Amino acid sequence: MFLKMAIRLGIKHQLFSFSPTHCVMLGYQPKLNNYSAISRTALASTFYSFTISRDYALQYKGDTYILDLDNIIQKMQKYSKGRLPIRIIGFPAYAYFLMQSLQQKGIKLSLPKGSKILFGGGWKQFGADEIAKEELYGMIKETLGIDSMNIHEFFGAAEHPILYCSCPNKHFHIPDYARVIIRNVKTLEALPYGHVGLVNLLTPVQSNIPIISIMTDDLGIVHEGKTCGCGIDNDYLEILGRVGVADIKTCTAGAKDYLGGK
Ligand SMILES: [Zn+2]
C-alpha cells in the first residue's frame, strides 16, 4: 500500500527522474543502530530517481554525528560542473545553514537542469532559526539557481504513514486516505476551518501497528481545499510548528504556552 501510494504521489508531483542523479542528503548518514524513521524516509525519497551517489551532511564520526557542510559544498561544486541532475533531500534547517555557508563563501552555483530539492522533517530543534519559506526559497534561487517549482515539501509522521506532498502553491492537501482534525488545545473539541489547534491525524492505512488516530504535538490549521487555487479540491493542512520546541511538555500544556505567547 505504501509503495503504491508513493508511486502515485511521485507521478502526480512529477518526482520521478529516469536520469542518473546525485543525491545530497541534508540529514543523517544511516548507521545500523540508529536507523531512525526520518533517515528511512529520506532514504526512501531517493527511490524517485536513479541514484548514483549519496552524500550526507551529517556524518557519523567517532561515536557522534558531525555536520560537515564543507564536504557537501565541495561535492555540489563538482557535480554542478556535470550534466546529471542533483537532488537535495532533507531538513529545511540544514538547507538554510547550507545556503548561509554558500553565501558567506561567496559561492553561487547553477545546478544542472532537472535538479530538485525535496524537504521534509521541519525545523525541529532549530525552531529559533526558522525563517519564512519565501526567504529560504529566495536564498536557494540566488545561490543554486533552483526555482520554487522544483522545490517539493513533504509532511508526515512516523505513526501516520501517509505522505503529504506540497502542491505548486506549497500547500499540503490532505490525501483521500487520510483525515485531519484540528482540536482546541484546552477542550480537544474539533475546530472549524481557519482555526489554530492541535493536529490530529487519522488514517485506516496502517499495517505495522493498530493505530488509526494520532494526536501530534504540532499546531496547525485546516483550510478549505478550493481556497488554494491549484486545482486540487482536498482540504489542506498548514503546519505552524511544533509546540514547546525547546522543551517539549505534554501536548496540550505546551500548546497553551505557545498560544499564550503569541
Ligand atoms: Zn494547492
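Since this is a predicted model, take the numbers as computed values, not measurements. Remember, it's 1-based here, ligands and their atoms both numbered in the order they're listed.
Taking the six-membered ring for Trp and the full ring otherwise, the centers of Phe172 and Tyr164 sit at least 6.0 Å from each other.
With hydrogens and angles disregarded, no donor-acceptor distance shorter than 3.5 Å links the side chain of Asn169 to the backbone of His171. In this structure, the side chain of Asn200 does not engage the main chain of Ile181 through any donor-acceptor pair within 3.5 Å. The closest donor-acceptor contact from the side chain of Ser80 to the backbone of Leu111 lies at 3.5 Å or more, if one exists at all.
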| request: Might you work through the side chain to side chain donor-acceptor pair (under 3.5 Å) test for Asn150 and Ser115, ending with a clear yes or no? | output: CA-CA 7 Å; Asn150 286 311; Ser115 295; over 6 Å; no

Residues 138-146 side chain polar contacts: donor-acceptor under 3.5 Å, at least two apart:
{"residue": "Glu142", "atom": "OE2", "partner": "Lys108", "partner atom": "NZ", "Å": "3.0"}
{"residue": "Thr143", "atom": "OG1", "partner": "Met139", "partner atom": "O", "Å": "2.6"}

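Distances from the Zn ion (ligand 1) under 2.8 Å pick out these protein N/O/S atoms: Cys167 SG, His173 NE2, Cys228 SG, Cys230 SG.
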